[in-house]
Novice: 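One structure coming up, written as structure tokens, with questions to follow.
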Amino acid sequence: LALRAPERVDRLMLIAPFVYADQLPWAYRDAQRPGLGELIVGLGHPDQMAWRLEQTLYDDRLVTEPLVQGARASRSTEGTRAAALATLRALDLPGRETRWGQVEQPVLVLAGAEDLVVRVPYAERLVDQLPRARLEVLPLVGHVPMVESPEVVGRIAAAFVRAGQR
């Protein structure tokens, strides 16, 4: 949207972004293939949700039963798997990689220092490509900063938005 309709985007905040083809886990890459994608997206068993969250969040203490139940409920909502698959298939990361330098708006990239899904070097690489970007790396945070450190993310986001209103 920042490139297609720049007049509609004043600033852009990206949190733990997947932006490069070489950073995608094998399952995400293979899910882009017809037939295989339906199989991969359908494989996630609800009983694995706690384990998945433990792999995603840096602090295992945040993996509470209400969080696990909420994630299970979200995943079981009708249309969720189809939407996830459609998103994976529409990524076209190789096509986008060459265009990051054309984004003219200010961009804040937020990364968790302990993110095992989208590692910090990818965020650094993206910030190097974006002409008006800065990187905030949150210590002791994994892949979901807004869950792991909501107050800090809120402060950073608010300051970024306010900076555009001056």
Side-chain angles (χ1 to χ4, degrees), residues 1-2 9-33 35-91 93 96 107-127 133-165:
L1 186 60
V9 180
D10 181 57
R11 354 183 89 309
L12 186 61
M13 183 172 171
L14 303 173
I15 300 176
F18 277 119
V19 293
Y20 299 108
D22 64 335
Q23 83 183 109
L24 281 180
W26 69 267
Y28 285 12
R29 273 193 307 274
D30 289 348
Q32 295 174 338
R33 298 179 183 177
L36 194 52
E38 286 76 8
L39 177 65
I40 290 171
V41 170
L43 284 177
H45 195 277
D47 291 344
Q48 297 174 334
M49 192 57 69
W51 176 82
R52 285 181 172 189
L53 288 168
E54 287 167 358
Q55 303 307 305
T56 303
L57 302 174
Y58 175 69
D59 186 351
D60 289 349
R61 294 173 299 177
L62 295 174
V63 182
T64 62
E65 192 56 30
L67 182 66
V68 171
Q69 291 303 325
R72 283 184 184 141
S74 175
R75 184 166 166 79
S76 65
T77 300
E78 186 175 341
T80 299
R81 291 180 188 191
L85 187 55
T87 299
L88 285 171
R89 288 183 171 157
L91 284 177
L93 296 180
R96 293 179 186 191
V107 179
L108 172 62
V109 178
L110 198 59
E114 310 302 329
D115 190 342
L116 300 177
V117 180
V118 177
R119 298 184 184 271
V120 172
Y122 288 106
E124 293 169 337
R125 180 171 149 194
L126 177 61
V127 167
R134 72 182 174 90
L135 173 63
E136 289 275 346
V137 178
L138 303 180
L140 304 176
V141 170
H143 184 60
V144 193
M146 59 292 246
V147 170
E148 297 176 86
S149 193
E151 298 84 13
V152 173
V153 171
R155 274 196 309 276
I156 291 170
F160 183 62
V161 170
R162 277 194 306 273
Q165 297 172 341

Novice: Output all residues satisfying side-chain hydrogen bond (donor to acceptor under 3.5 Å, both in side chains) with R134, sequence neighbours left out; order by chain, then residue number.
Specialist: E136
Novice: Any side-chain heavy-atom pair from L24 and L91 closer than 4.5 angstrom?
Specialist: yes
Novice: Heavy-atom distance under 4.5 Å between the side chains of L67 and L57, does that happen here?
Specialist: yes
Novice: How far does CE of M13 sit from CZ of F160, to the nearest 0.5 angstrom?
Specialist: 8.0 Å
Novice: Listed by chain and number, what are the ring pair (Phe, Tyr, Trp, His ring centres under 6.0 Å) partners of Y122, not counting sequence neighbours?
Specialist: none
Novice: Among residues at least two apart in sequence or on other chains, which ones pass side chain to side chain contact (heavy atoms under 4.5 Å, CB included) with V19?
Specialist: P17, Q23, W100, L126
Novice: Suppose we screen for side-chain hydrogen bond (donor to acceptor under 3.5 Å, both in side chains). Which residues come up paired with Q69, at least two apart in sequence or across chains?
Specialist: E65
Novice: Report yes if the side chains of E38 and L85 come closer than 4.5 Å at any heavy-atom pair, otherwise no.
Specialist: yes
Novice: For the residue pair L135 and A111, what are the closest heavy atoms and their distance?
Specialist: CD1-CB, 4.2 Å
Novice: Please name all residues satisfying side-chain hydrogen bond (donor to acceptor under 3.5 Å, both in side chains) with R33, sequence neighbours left out, ordered by chain then number.
Specialist: none
Novice: Once side chain to side chain contact (heavy atoms under 4.5 Å, CB included) is applied, do any residues pair with P66, and if so which ones, sequence neighbours excluded?
Specialist: T64
Novice: Does a side-chain heavy-atom distance below 4.5 Å link H143 with E114?
Specialist: no
Novice: For the pair S74 (side chain) and G70 (backbone), establish whether a donor and an acceptor sit closer than 3.5 Å, ignoring hydrogens and angles.
Specialist: no
Novice: For V120 and A113, work out which heavy atoms get closest and say how close.
Specialist: CG2-CA, 3.9 Å
Novice: List for me each residue that meets ring pair (Phe, Tyr, Trp, His ring centres under 6.0 Å) alongside F18, sequence neighbours excluded, and say none if there are none.
Specialist: Y28
Novice: Mind checking the CD-CZ spacing from Q48 to R75? Nearest 0.5 Å is all I need.
Specialist: 8.5 Å
Novice: Can you check whether R72's main-chain N or O pairs, donor with acceptor, with S76's side chain at less than 3.5 Å?
Specialist: yes
Novice: Does any non-hydrogen side-chain atom of V153 lie less than 4.5 Å from one of L138?
Specialist: yes
Novice: Decide yes or no for D115 and R119: does some side-chain heavy atom of the first lie under 4.5 Å from some side-chain heavy atom of the second?
Specialist: no
Novice: For residues P145 and V141, report the shortest heavy-atom separation together with the two atoms involved.
Specialist: CA-CG1, 3.7 Å
Novice: Looking at residues at least two apart in the chain, or sitting in another chain, which of them share a salt bridge (Lys or Arg N to Asp or Glu O under 4.0 Å) with D60?
Specialist: none
Novice: Holding to side-chain hydrogen bond (donor to acceptor under 3.5 Å, both in side chains), I want the full list of residues that pass it with Y20, two or more places apart in sequence or in another chain.
Specialist: Q129
Novice: Between R29 and D22, does any NZ, NE, NH1 or NH2 come within less than 4.0 Å of an OD or OE carboxylate oxygen?
Specialist: no
Novice: Could you work out, with side chain to side chain contact (heavy atoms under 4.5 Å, CB included) as the rule, every residue matching R96, not counting sequence neighbours?
Specialist: none
Novice: Would you name the heavy atoms of E148 and T56 that are closest together and state the gap between them?
Specialist: OE2-O, 4.2 Å
Novice: Who pairs with A21 by side chain to side chain contact (heavy atoms under 4.5 Å, CB included), at least two apart in sequence or on another chain?
Specialist: L93, P94, E97
Novice: Measuring from L140:CG to D59:CG, what's the distance to the nearest 0.5 Å?
Specialist: 8.5 Å
Novice: Would a 4.5 Å heavy-atom cut-off, applied to side chains only, mark L110 and L14 as touching?
Specialist: no
Novice: Name all residues meeting the salt bridge (Lys or Arg N to Asp or Glu O under 4.0 Å) criterion together with E54; count only those two or more places apart in sequence or in a different chain, and write none if there are none.
Specialist: none
Novice: Would V109 and I15 count as a side-chain contact (heavy atoms from CB on, under 4.5 Å) if you check the C-alpha gap in whole Å, the side-chain angles of each, and the deciding distance to 0.1 Å?
Specialist: CA-CA 6 Å; V109 178; I15 300 176; over 6 Å; no
Novice: Let me see the working for L12 and L108 under side-chain contact (heavy atoms from CB on, under 4.5 Å), right down to the final yes or no.
Specialist: CA-CA 6 Å; L12 186 61; L108 172 62; over 6 Å; no
Novice: Does the side-chain contact (heavy atoms from CB on, under 4.5 Å) test come out yes or no for L62 and V144, once each step is laid out?
Specialist: CA-CA 11 Å; L62 295 174; V144 193; over 6 Å; no
Novice: Where the side chain of Q55 meets the backbone of R52, is there a donor-acceptor pair that is under 3.5 Å apart?
Specialist: no
